[in-house]
Amino acid sequence: LRYHNVYGPRMPRDTPYAGVASFFRSALARGAAPRVFEDGGQRRDFVHVRDVAAANVAALEAQSAPGALTAYNTGSGEPRTVGELARALAEACGGPEPVVTGEYRLGDVRHITADSARLRAALGWRPRVEFADGVKEFARAGLGEEPAPSR
């Protein structure tokens with residue numbers, strides 16, 4: 001499975017491997033405005049972690065020929081802009097409005113989206129978490145690396 005921009009509860013904070021959703025959510029948790037690079041119009045395919053988990057289950061349960069290897073893009077199929085994500089998270093967190101910096105990150109790609117048609121057709125999977133609902137849940141949920149509950 002080729003995961004696209006996964007977001008959701010318990011996402012690691014401030015790690016370069018977690019993606020832009022983690023950066024925005026971490027900033028909001030500190031009371032800071034999310035910093036949006038370029039003009040915020042970069043398109044990404046944000047997919048909720050529960051949908052990714054369901055894709056993993058579908059892949060594990062699939063009947064495939066021995067030795068067969070197929071790559072499946074795992075995304076929502078509904079690209080959103082980075083600016084949309086920042087605004088939605090800021091609103092859901094009750095935090096400051098995003099700041100569009102106009103700056104560029106070396107090596108960043110303008111648009112990265114997923115076509116999950118093969119995954120849908122072959123394994124019957126489809127994303128179920130709507131963007132607005134997933135963002136609200138993510139805004140309310142804790143980030144990773146928080147103290148474990150005491151027993």
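Only this structure's heavy atoms are used, side chains among them; waters, hydrogens and symmetry mates stay out.
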R43/E78 under salt bridge (Lys or Arg N to Asp or Glu O under 4.0 Å): CA gap, chis, key distance, verdict: CA-CA 10 Å; R43 285 191 308 274; E78 296 181 8; over 6 Å; no

With rounding to the nearest 0.5 Å, note down the distance linking OG in S76 to CG in D45.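 These two atoms lie 3.5 Å from each other.
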
To the nearest 0.5 Å, what is the distance between CZ (R120) and OG1 (T74)?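 The CZ atom of R120 sits 10.5 Å away from the OG1 atom of T74.
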
Determine whether a donor-acceptor pair (N or O, by modelled atom type, separation under 3.5 Å) exists between the side chain of [X] and the backbone of [Y].
X    : Y   : result
R44  : R80 : no
W125 : N56 : no
Q42  : F37 : yes
S22  : M11 : no

Is the shortest distance from a Lys or Arg side-chain nitrogen in R50 or D133 to a carboxylate oxygen in the other one below 4.0 Å?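 No, no charged N to carboxylate O under 4.0 Å.
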
Distance-minimising heavy-atom pair for D51 and V129: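 That would be OD2-N, 3.2 Å.
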
Taking all heavy atoms of T81 and all of R87, pick out the closest pair and write down the distance.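 Here T81 and R87 meet closest at OG1-NH2, 4.4 Å.
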
Can you list the steps and then say if R35 with E103 is a salt bridge (Lys or Arg N to Asp or Glu O under 4.0 Å)? CA-CA 10 Å; R35 292 177 37 85; E103 299 170 3; 3.0 Å; yes

For the residue pair F131 and F46, categorise the inter-ring angle as parallel (less than 30°), tilted (30 to 60°) or perpendicular (more than 60°).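 Ring orientation, 0 to 90° scale: tilted.
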
